[in-house]
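Since this is a predicted model, take the numbers as computed values, not measurements.
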Amino acid sequence: MLVFNPKIMTFLFTVPDISASEGIQKIAGFSRGHHNVNSVRIGINRSENSSVCRLFLYAYLNGKQVSKYIGEVSIGQKCSVVLQMKPYEYYAIVNDMCAGLSFPRRRTLPIGYTLKPYAEQDYTGIRIPFEVEIKNIIVA
């Protein structure tokens, strides 16, 4: 969905029972401009034989992915998310956990997009099925 001047995004999601992966799979996020140049997202992955998933704040800055570990969540757990894009920082709050990414001031575009769930098989770039229950998305 196209959005004007996005700065903050809130939503609820239920932690999916995902396959193991080393890569970060996208739950949701938003961009200011092209999504692989300037965006902020919540991602998830899971270790082999683990009953919990790891959440990450991650962003693309000029085409390069940077990430910060947020914490662990259980499969089926309900999560409340706040993603915010500020001039020098992107940050995320998920339930009672938070993480931030700092960087030099960036030029952003006044329009962007909301970003939907997406997953790839590790090291192949091949898209794999990935469904996440997301509710109450608000972008302001």
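- Between the side chains of Ser31 and Arg41, no donor-acceptor pair is found at a separation under 3.5 Å.
- What you find for Ala59 and Tyr90 is that their closest heavy atoms are CB-CD1, 3.5 Å.
- Hydrophobic clustering, with ILVMFWY side chains joined whenever heavy atoms are under 4.5 angstrom apart, keeps Ile126 apart from Phe130.
- Between atom CE of residue Met97 and atom CD of residue Glu72 there is a gap of 9.0 Å, rounded to the nearest 0.5 Å.
- For the pair Ser39 and Leu115, the minimum side-chain heavy-atom distance is below 4.5 Å.
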Exercise. Show your working on side-chain contact (heavy atoms from CB on, under 4.5 Å) between Val139 and Thr114 and close with a plain yes or no.
Key: CA-CA 8 Å; Val139 181; Thr114 58; 3.6 Å; yes

Practice problem: Carefully, step by step, assess Lys135 and Ile137 under the rule side-chain contact (heavy atoms from CB on, under 4.5 Å). | Solution: CA-CA 6 Å; Lys135 296 181 179 179; Ile137 296 174; over 6 Å; no

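- Judged by distance alone, with hydrogens and angles left aside, the side-chain atoms of Asp122 form a donor-acceptor pair with the main-chain N or O of Glu22 at under 3.5 Å.
- Relative orientation of the Tyr60 and Tyr58 rings is perpendicular, given thresholds of 30° and 60° on the angle between their planes.
- Nearest heavy-atom pair across Thr14 and Gly76 is CG2-O, 3.6 Å.
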Exercise. Go through the steps for Arg54 and Ser47 under the test side chain to side chain donor-acceptor pair (under 3.5 Å), then give the verdict.
Key: CA-CA 8 Å; Arg54 294 179 300 265; Ser47 297; 2.5 Å; yes

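- Of all heavy-atom pairs spanning Cys98 and Ile70, the tightest one is N-CG2, 4.4 Å.
- Proximity of Val82 to Ile8: side-chain heavy atoms (C-beta onward) are separated by under 4.5 Å at one or more points.
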Exercise. Decide yes or no on side chain to side chain donor-acceptor pair (under 3.5 Å) for Ser21 and Gln25, but give the supporting numbers first.
Key: CA-CA 8 Å; Ser21 71; Gln25 313 301 347; 3.3 Å; yes

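- Under the 4.5 Å side-chain criterion, counting only non-hydrogen atoms from C-beta, Tyr91 is not in contact with Leu101.
- Residues Leu83 and Gly29 approach most closely at CD1-CA, 3.7 Å, considering heavy atoms.
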Quiz item: Are Lys26 and Ile24 close enough, and set up right, to give a side-chain contact (heavy atoms from CB on, under 4.5 Å), and what steps lead you there?
Solution: CA-CA 6 Å; Lys26 179 176 51 174; Ile24 299 172; over 6 Å; no

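- In terms of heavy-atom proximity, Gly33 sits nearest to Tyr113 at O-CD1, 4.0 Å.
- Using a 4.5 Å heavy-atom cutoff, the side chains of Asn5 and Lys7 are in contact.
- How far CZ of Phe56 is from CD1 of Ile42: 11.0 Å, rounded to the nearest 0.5 Å.
- With a 4.5 Å cut-off on side-chain heavy atoms, Ile44 and Pro16 count as touching.
- Residues Phe13 and Val81 have side chains in contact (heavy-atom distance under 4.5 Å, counting atoms from C-beta outward).
- Residues Ile75 and Cys53 are in side-chain contact: their nearest non-hydrogen atoms beyond the backbone lie under 4.5 Å apart.
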Exercise. Decide side-chain contact (heavy atoms from CB on, under 4.5 Å) for Val40 and Leu57; before the verdict, give the C-alpha distance in whole Å, the side-chain angles of both, and the deciding distance to 0.1 Å.
Key: CA-CA 7 Å; Val40 60; Leu57 165 63; 3.5 Å; yes

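- In this structure, the side chains of Tyr88 and Ser102 stay at 4.5 Å or more apart for every pair of heavy atoms.
- Residues Phe11 and Ile93 are members of separate hydrophobic clusters, defined by side-chain heavy-atom contacts under 4.5 angstrom among Ile, Leu, Val, Met, Phe, Trp and Tyr.
- Both Leu2 and Phe4 belong to a single network of hydrophobic side chains, linked directly or stepwise wherever heavy atoms of I, L, V, M, F, W or Y lie under 4.5 Å apart.
- Note that the CG atom of Asn45 and the CG atom of Leu55 stand 9.0 Å from one another [nearest 0.5 Å].
- One hydrophobic cluster, built from ILVMFWY side chains closer than 4.5 Å, cannot hold both Tyr69 and Ile18; they sit in different ones.
- Checking side-chain atoms of Asn136 against main-chain N and O of Leu12 turns up no donor-acceptor pair under 3.5 Å.
- Separation of atoms CD (Glu89) and CD (Gln84) is listed at 8.5 Å; rounding is to 0.5 Å.
- Rounding to the nearest 0.5 Å places SG of Cys79 at 7.5 Å from CD1 of Ile27.
- Remark: the Arg32 side chain and the Asn38 side chain contain no N/O donor-acceptor pair separated by less than 3.5 Å.
- Surrounding OH of Tyr118 are more than 12 heavy atoms belonging to other residues, nucleotides or ligands, all under 6.0 Å away.
- The two residues Ser19 and Arg46 make their nearest non-hydrogen contact at O-CB, 4.2 Å.
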